[in-house]
Amino acid sequence: MNLFSIVMGILLSILVISLGLTMIRLLIGPSIPDRAMAFDTIMLHVVGIGSITAALTDAVMLIDAVIVVAVLGFLGTVALARYIEEGGN
Amino acid sequence: MSLIEIITVALTAMGVFFTLVSSIGLLRLKDIYTRGHAVGKAGTLGVIGILLGVAFTFGDVLTGLKLLALIAFFFLTAPVATHMLERAAFLDEVNPIAKTQPNDLEGRYDYETRRLG
Amino acid sequence: MLPAIVLITLALAPLGLLARTGPRPLVGWALALLPALSFALLLFQLPQVTGTTQIREVIPWVPTMGVELSFALDGLSLLFALVITGIGTLIIGYAGHYMHDDPGLGRFLLYLILFMGAMLGLVLAGNVLTMFIFWELTSVTSYLLIGYKHDYPGARRGALQSLVITAGGGLALLLGLLILGEGARHAGVAPNQIYNFDAIIAAGAEIKAGPFYTPALLLILVGAFTKSAQFPFHFWLPGAMQAPTPASAFLHSATMVKAGVYLLARLAPGLGDTPLWHAALVLVGGFTFAFGALVATRKDDIKALLAYTTLSMLGGLIMLIGLGGKYAAEAVAVNILAHALYKSALFMIAGIIDHEAGSRDLRHLGGLRRMMPATAFFIALALLSQMGIPIFFGFVGKELLIEAALESLLAAPWRYAALAAIVIAAVGYIIAAWRLFKHAFLGTSSPTLAQRHHVADPRGMLVSPAIPALLSILVPLALLPWASQLLAPAASVVYGKPISFDLALWHGFNTALMVSSGAILLGILLARFERPLAALPPHLPAWADGADLLDRLLAGVDRIGGLIMGTLQTGQLRRYMLYNTITLLLITGVPFVLYVLPGLSFITPDPQLRIYEAFAAALIPIAVVAAIRAESRLSAIISVGVVGAMVSLFFILFSAPDLALTQLLIEVLSTVFLLLVFSILPARFANLSSPATRMRDAILSGMVGLLVAGLVLATATTTIFEPLAPYYLENSLAKGKGQNVVNVILVDFRGFDTMGEVTVLLTALLGIYGLLRMRREKQ
Amino acid sequence: MYDSIILRSVARLMLPILLMLAVFMLLRGHNLPGGGFIGGLVASCAIILQLVAFGPEAARRVLRVNYLGLAAFGVFFAALWGLPSLIGGQPYMTSLWIPEPIPGVGKIGTPVLFDLGVFFGVIGVTTQIALLLAEERRPRETHDAGTPAT
């Protein structure tokens with residue numbers, strides 16, 4: 001377990017903790033747009049965690065997955081935003 | 001720890017730091033509009049920091065290019081996503097806590113055709 | 001040649017439709033050429049079929065499982081085939097005359113020829129499954145024939161009842177035959193031979209010793225007894241008299257109802273000679289033998305009378321097979337032929353009476369001898385043969401019947417019981433025959449009959465019944481040597497060992513003659529005092545009448561069906577979900593808890609497990625709680641979307657990009673679809689269900705969650721099946737030409753599954769398309 | 001018509017990129033993560049992004065083809081590529097490969113073409129369902145009374 005992977009591990013844990021915080025916002029978010037924001041942030045976290053795991057396990061394939069995750073995050077958020085505005089809460 | 005690893009760790013640390021800050025911001029800030037800033041930061045600085053950091057560890061050019069494309073994608077879409085959310089929040093009558101300035105969009109949003117003035 | 005006869009008959013059935021055009025009787029007789037040709041063909045086979053030798057022709061169907069269309073001809077099947085084709089020829093000719101004014105004659109002949117093909121297939125089948133296929137086909141065609149006059153409620157009821165009984169029996173038979181096949185396999189028969197008759201009979205001793213014998217035999221007996229209308233299931237045969245007379249004459253006297261007898265006769269050498277076999281056959285057969293005869297004496301409708309004597313004779317045949325022994329085998333062969341001859345003649349003449357005199361009820365007939373002398377002569381021949389009067393063929397049959405009872409190897413009580421049944425039946429036949437002849441032909445004609453102006457011997461129609469009636473007298477007088485040459489192979493098949501015998505009218509004074517003459521005298525005496533007999537209560541008590549019982553049963557089934565339908569199909573999605581979950585819990589949950597849970601070894605935490613992986617796992621419940629507590633649809637959708645994202649996060653953590661991608665794509669797309677749908681529905685949850693229901697649902701979903709978790713854990717830790725992964729991993733590059741195992745599996749190794757999935761997708765789309773298109777039209 | 005200039009401009013820019021990404025995913029499916037199924041879904045995401053940004057008509061114009069027909073064609077095309085192995089006497093859908101790989105594209109074989117069929121099928125199905133749902137007339141009851149929004 002060389003120093004690099006330990007540090008990266010720590011960074012990964014911090015990211016997961018911040019993911020936890022976002023989840024709390026998802027839980028309590030008073031209004032729906034709050035939850036939508038939490039959803040968007042969570043997708044960003046998934047991208048972050050994916051990239052760091054790719055670095056740690058040196059799996060180039062994960063990067064492709066991360067690309068699509070980013071796209072989906074955006075699509076999901078935009079669709080949510082649109083239908084929040086249109087459908088009423 | 002070789003030079004590349006140090007750079008990677010530094011950049012990734014920066015990215016993670018910003019993501020953490022934005023998550024805390026998302027939690028602590030009072031109303032939705034200020035939280036928009038937090039989400040925006042995570043979208044841009046946070047993720048791009050991590051991606052830049054990770055780009056160096058893979059050595060081959062193709063992955064590097066892919067990651068740069070991804071960074072460009074984030075630069076483009078993250079602000080748009082936040083903007084859309086804020087717009088949805090505003091038009092859905094989520095009232096800001098501090099009503100400081102006058103509301104420029106007063107009466108210019110036609111609910112009929114969903115168009116702005 | 002054998003399959004040719006069967007399959008060509010089946011194929012040419014539509015020719016029957018020709019009967020719509022042209023002169024009906026002529027077309028009738030032309031069509032009759034088909035069975036006549038088969039009759040001739042089969043007759044030529046007689047020399048090759050001596051003793052128990054067999055001609056076998058096989059069309060392989062599923063060779064590995066020993067399932068093939070195999071046809072075999074031996075003595076017994078030749079006898080039956082000749083009866084079927086011989087009487088078939090007469091019946092089709094007769095039908096041409098009998099129904100010349102009926103528009104549906106074409107359809108009727110189509111069913112009739114179809115039935116004949118099926119019956120031929122049944123008796124010529126060499127293996128059990130081929131026989132079963134034709135067995136069921138005869139039930140279906142019999143249903144069509146009974147229900148021919150479908151606008152009469154009585155006909156519909158009779159047809160339905162016959163189908164329910166015979167098809168139900170057919171199911172039991174199928175099960176029995178399959179168990180028999182297993183028994184044969186257990187007894188060491190080669191796997192692809194286990195369904196062949198000769199292999200089963202050869203391995204008879206081992207099968208009888210094996211565990212499968214009793215269940216198989218009981219089920220086969222149920223199949224045979226329902227088909228041959230034995231006591232508990234007898235009531236469908238009188239009900240089947242709703243069919244037009246040609247059908248009754250052909251199916252419900254000479255051929256179809258004898259299928260059960262044929263099956264038992266064929267299996268006798270292999271599966272016979274066990275206490276169960278003797279008890280069942282002698283008891284049920286004997287009782288039906290006596291019971292049928294007694295009830296026949298009470299009937300006023302000629303066809304009902306004939307129906308009861310038929311099922312009684314079938315009982316007698318089955319009793320004979322039960323008795324076993326050389327004489328019984330002879331008696332079976334002789335009586336099959338004798339009964340076929342005189343009973344078909346009687347049925348056809350009954351048709352003539354109905355056609356000419358306008359009614360089949362003895363009370364409305366009388367004095368027909370003056371108006372229809374020829375018919376009276378032929379019916380007298382047939383009735384005398386049925387009564388077993390000495391010089392007639394029926395007498396030869398009855399002699400052998402009594403000898404079989406006397407010489408059978410069974411214990412004394414069985415023999416005396418059989419003898420008693422024979423005497424009762426003989427007396428019953430005599431009384432019934434006498435009543436039929438006296439009321440129909442002797443005495444003065446009843447008032448209703450008098451008005452009918454033109455009552456005379458029908459020209460062409462009389463030909464068909466005349467032949468078998470004449471044979472009933474000619475065979476015993478002149479053709480005995482030829483007949484015994486025909487019947488000897490049949491009897492030897494039933495007996496198992498080749499036997500040869502020459503029938504003779506006169507066996508000298510022996511006890512058999514004593515018994516039969518005694519029975520005749522008793523019969524004549526009782527026939528004299530017919531009036532006191534008439535005073536007896538006419539029918540069985542109401543509750544015992546099978547037909548009503550069955551009607552009530554069917555009505556009950558409908559009611560229960562409606563009940564279940566009502567509670568299940570309420571139209572609410574929630575209720576369907578509830579039923580699904582409950583079924584899942586019962587069907588997978590209970591066995592899981594009983595068998596799998598105890599053996600489940602909770603895997604020790606895998607050393608490479610990182611703290612952040614564990615912590616990430618802890619986050620998922622938060623999202624789930626968010627989904628549960630959401631009070632608006634959109635928040636619920638978002639939370640569910642997040643749960644999906646977290647799961648795909650795990651796939652990423654364990655570096656499975658393909659899975660992560662697919663999961664996330666599906667997740668986001670379903671979120672978008674939900675958004676599209678929900679933007680139409682009212683935003684707020686209109687009415688949340690009562691706390692009690694929500695608690696119930698919570699508990700149920702909790703249990704399902706635990707179950708699924710347990711299942712996943714079980715699959716992860718199971719050692720029963722070796723994992724598939726190694727095979728795919730190492731062959732992915734070699735055969736699949738690709739490193740990405742997941743996609744290689746998807747597209748190459750399991751391409752067919754993906755094909756299925758894509759088709760499912762397309763069908764789902766068509767479903768949605770249809771539903772939404774319907775909604776749009778409605779608006 | 002739902003309009004947000006910002007969303008529209010981004011969507012217009014993203015369409016070509018996403019479609020390219022989808023095809024990219026499809027073609028290299030055999031060796032790296034991707035394949036017909038994932039490619040198809042990514043392409044449908046691109047078209048649904050148009051649907052969200054511009055509404056159903058624009059989404060229909062993306063591929064200028066009737067999506068229901070595309071779905072049916074996809075399934076037919078996939079099934080088609082099971083047949084060549086029958087000619088060779090092997091069971092249905094055994095894979096056949098062109099001996100040497102074509103430069104630039106890589107090895108072509110019946111599974112890859114089968115994957116292409118799946119690709120079209122998935123696009124057709126997903127997009128058509130989204131469009132059907134989007135084109136449903138909405139009974140508006142909150143803001144404006146009854147007029148269809150799109």
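So you know, we letter chains A, B, ... as the sequences are listed, proteins then strands, and number each from 1.
Contact of L29(B) with chain A is made through the backbone alone, with heavy-atom distances under 4.5 Å. The contact between L27(B) and chain A is made by backbone and side chain atoms together, counting heavy-atom distances below 4.5 Å. At a 4.5 Å heavy-atom cutoff, the contact between V47(B) and chain A is made by side-chain atoms alone. Contacts between D40(A) and chain B at a heavy-atom distance below 4.5 Å involve the side chain alone, from C-beta outward. Contacts of S2(B) with chain A are absent, with no heavy-atom separation under 4.5 Å from either backbone or side chain. Proximity to chain A (any heavy atom under 4.5 Å) is restricted, for L67(B), to the side chain, taken from C-beta onward. Interface remark: L26(B) contributes backbone and side-chain atoms alike to the contact with chain A (heavy atom separation under 4.5 Å). F17(B) does not touch chain A: none of its heavy atoms, backbone or side chain, sits under 4.5 Å away. For a residue to count as touching a neighbouring chain, one of its non-hydrogen atoms must lie under 4.5 Å from one of that chain's; by this rule I63(A) touches chain B with the side chain only.
Expressed to the nearest 0.5 Å, how far CD1 of I50(B) lies from OG of S51(A) amounts to 6.5 Å. We find the CE-OG distance between M37(A) and S22(B) to be 12.0 Å, quoted to the nearest 0.5 Å. The structure places CG of L15(A) at 8.0 Å from OG of S23(B), a figure rounded to the nearest 0.5 Å. Going from atom CZ of F4(A) over to atom OG1 of T57(B) covers 6.0 Å, rounded to the nearest 0.5 Å. With rounding to the nearest 0.5 Å, the separation of CG in L21(A) from OG1 in T19(B) is 11.5 Å. Considering CD1 of I24(B) and OG of S18(A), their distance stands at 8.5 Å, rounded to 0.5 Å.
Looking at heavy atoms from C-beta onward, E86(B) lies out of side-chain contact with P33(A) at the 4.5 angstrom threshold. Taking 4.5 Å as the limit, some side-chain heavy atom of F74(A) sits within range of a side-chain heavy atom of F73(B). At a threshold of 4.5 Å between non-hydrogen side-chain atoms, the residues I52(A) and V16(B) count as touching.
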Residue pair L3(A), E5(B): steps toward the side chain to side chain contact (heavy atoms under 4.5 Å, CB included) verdict = CA-CA 10 Å; L3(A) 187 61; E5(B) 282 176 352; over 6 Å; no
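When the candidates R35(B), K66(B), H83(B) are compared by the number of heavy-atom contacts under 4.5 Å with chain A, R35(B) comes out ahead. For chain B, the option among A55(A), A38(A), G73(A) with the highest count of heavy-atom pairs below 4.5 Å is A55(A). When each of G48(A), A36(A), A70(A) is scored by its heavy-atom pairs under 4.5 Å with chain B, the top score falls to A70(A).
Scanning all heavy atoms of the two residues, the minimum distance from V39(B) to L44(A) falls at O-CD1, 4.4 Å. The two residues S31(A) and I32(B) make their nearest non-hydrogen contact at OG-CD1, 4.0 Å.
Dense packing is recorded around CD1 of I6(B), with more than 12 heavy atoms of other residues, nucleotides or ligands lying under 6.0 Å away.
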